[in-house]
Amino acid sequence: MSYDPPRPAGRLLLTPEDREAPARVRRLHRLGLAQRPEPALDDFAERLAELAGAPYAMVNFPVENGQFFAGLHVPDPAPAGAGDGTGPVFGRVQPRDHGFCPHVVARRKALVLEDVRDYPRFAGNPVVDAFGIRSYLGAPLIDSTGTVLGTVSAADVRPRPWGKAGLETIKATAADLMTRLERYAGDGLPLL
């Protein structure tokens, strides 16, 4: 079963194929994740946004029909036009081809984009135009079975020199959250 639509010959595949999707969806279901917004993950995303100094932060789980942000922090107030019927709203569900997290999942390693417009593969991504995202920092959530469950990420509307410190921070943050998620799912302990 594939979650990627067939591509015409000669067309660049912007969103990588997700060969682990069926196993991930089963694992997320067993762990009770990606089924609803989680207030503890919203709190986690808010702390990540503060730590990164970024207006957006997410705990993202790729699901059958796209991406689900079980933890989400967005700017307040929202960008002009957002939520008033004239502009896009950064919601909890987005298609797979929106954003950069699907690339982190497929790569199984962190991704740092200091200015997404410097990369032709990412410059045309729908979140660049819709939300003005210019920089991204994300790391995979890899569980003890080796399954990439999702990502933690931060994004900004301006180019950012995340640097080595940003990379190390997002990787440590992902590892910490993964430990907490497995402990919560396995022992029923409070998530955070």
Side-chain angles (χ1 to χ4, degrees), residues 1-7 13-49 51-52 56-73 90-113 121-122 125 127 136-155 162 166-192:
M1 170 183 260
S2 174
Y3 290 92
D4 293 300
R7 60 184 169 129
L13 179 64
L14 295 179
T15 303
E17 187 175 353
D18 187 358
R19 297 181 195 278
E20 296 181 357
R24 173 181 314 103
V25 170
R26 285 190 302 273
R27 181 80 171 130
L28 287 169
H29 184 69
R30 279 194 301 272
L31 293 171
L33 297 169
Q35 298 171 7
R36 65 192 162 285
E38 297 286 348
L41 292 178
D42 285 343
D43 292 343
F44 186 89
E46 183 175 355
R47 287 193 303 276
L48 176 58
L51 182 64
Y56 294 91
M58 291 78 59
V59 177
N60 180 12
F61 298 116
V63 292
E64 294 99 339
N65 300 320
Q67 304 176 73
F68 178 71
F69 300 107
L72 180 63
H73 175 81
F90 198 106
R92 297 239 179 221
V93 177
Q94 293 206 12
R96 269 194 86 244
D97 66 345
H98 284 54
F100 314 101
C101 293
H103 297 272
V104 172
V105 169
R107 293 164 36 106
R108 301 181 61 86
K109 62 182 183 176
L111 177 63
V112 178
L113 300 171
R121 176 178 202 135
F122 299 116
N125 196 288
V127 299
Y136 172 87
L137 179 65
L141 293 167
I142 302 175
D143 76 0
S144 60
T145 70
T147 303
V148 178
L149 297 181
T151 64
V152 295
S153 61
W162 299 105
L167 176 62
E168 294 305 317
T169 297
I170 200 71
K171 288 166 59 176
T173 301
D176 177 55
L177 180 58
M178 192 65 254
T179 298
R180 293 168 186 259
L181 288 172
E182 285 192 301
R183 184 175 63 214
Y184 168 72
D187 299 335
L189 298 173
L191 180 55
L192 302 172

Note to self: I'd like to know whether E38 forms a side chain to side chain contact (heavy atoms under 4.5 Å, CB included) with V59, so could you lay out the CA-CA distance, the side-chain angles of the two residues, the decisive distance to 0.1 Å, and finally the verdict.
What the structure shows: CA-CA 10 Å; E38 297 286 348; V59 177; over 6 Å; no
Note to self: Go through it in stages, so that I can follow the logic: the residues are L181 and L33, the test is side chain to side chain contact (heavy atoms under 4.5 Å, CB included), and I'd like the CA-CA distance, side-chain angles, deciding distance and then a yes or no.
What the structure shows: CA-CA 9 Å; L181 288 172; L33 297 169; 4.0 Å; yes
Next item on the list: Apply side chain to side chain contact (heavy atoms under 4.5 Å, CB included) to N60 and L141, showing your working.
Entry: CA-CA 9 Å; N60 180 12; L141 293 167; over 6 Å; no
Checklist line | V104 vs Y136, side chain to side chain contact (heavy atoms under 4.5 Å, CB included): CA-CA, chis, key distance, verdict | finding: CA-CA 11 Å; V104 172; Y136 172 87; 3.5 Å; yes
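Between the CG atom of L113 and the NE2 atom of H103 there is a distance of 9.0 Å, given to the nearest 0.5 Å. Distance check, rounded to the nearest 0.5 Å: CD of E64 to CZ of R24 gives 11.0 Å. Between M58 atom CE and L41 atom CG the span is 13.5 Å, to the nearest 0.5 Å. Rounding to the nearest 0.5 Å gives a distance of 9.5 Å between CG of L177 and CG of L149.
Here E182 pairs with R27 in a salt bridge; the nearest charged N to carboxylate O distance falls below 4.0 Å. Electrostatic pairing of R47 and D43 does not count as a salt bridge here, judged by no charged N lying under 4.0 Å from a carboxylate O.
For T147 (side chain) and D143 (main-chain N/O), no donor-acceptor pair under 3.5 Å exists by modelled atom type. Remark: the backbone N or O of P62 is not paired with any side-chain donor or acceptor of Q67 at under 3.5 angstrom. Here the side chain of R108 pairs a donor or acceptor atom with the backbone of G146 at under 3.5 angstrom. Between the side chain of R180 and the backbone N or O of R183 there is no donor-acceptor pair closer than 3.5 Å. Within the 3.5 Å criterion, the main-chain N or O of F68 finds no donor-acceptor partner in the side chain of R92. Of the possible donor and acceptor atoms, none in the side chain of N125 sits under 3.5 Å from a partner among the backbone N and O of H98.
Shown here for A174 and V152, the closest heavy-atom pair between the two residues is CB-CG2, 3.6 Å. Taking all atoms of both residues into account, the shortest heavy-atom contact from P22 to R19 is CD-O, 3.9 Å. Looking at every heavy atom in both residues, S153 comes nearest to I170 through CA-CD1, 4.2 Å. Closest approach of V63 to A34, counting heavy atoms only: CG1-CB, 3.8 Å. Contact record, A110 with L167: CB-CD1, 3.5 Å, taken as the closest heavy-atom pair. Residue P140 comes nearest to V148 through the heavy atom pair CB-CG1, 4.0 Å, listed as atom of the first residue, atom of the second, then distance.
Ring geometry, F100 versus F122: the interplanar angle exceeds 60°, so the pair is classed perpendicular (tilted spans 30 to 60°).
When the salt bridge (charged side-chain N to carboxylate O under 4.0 Å, His left out) test is applied to D97, no partner is found at least two apart in sequence or on another chain.
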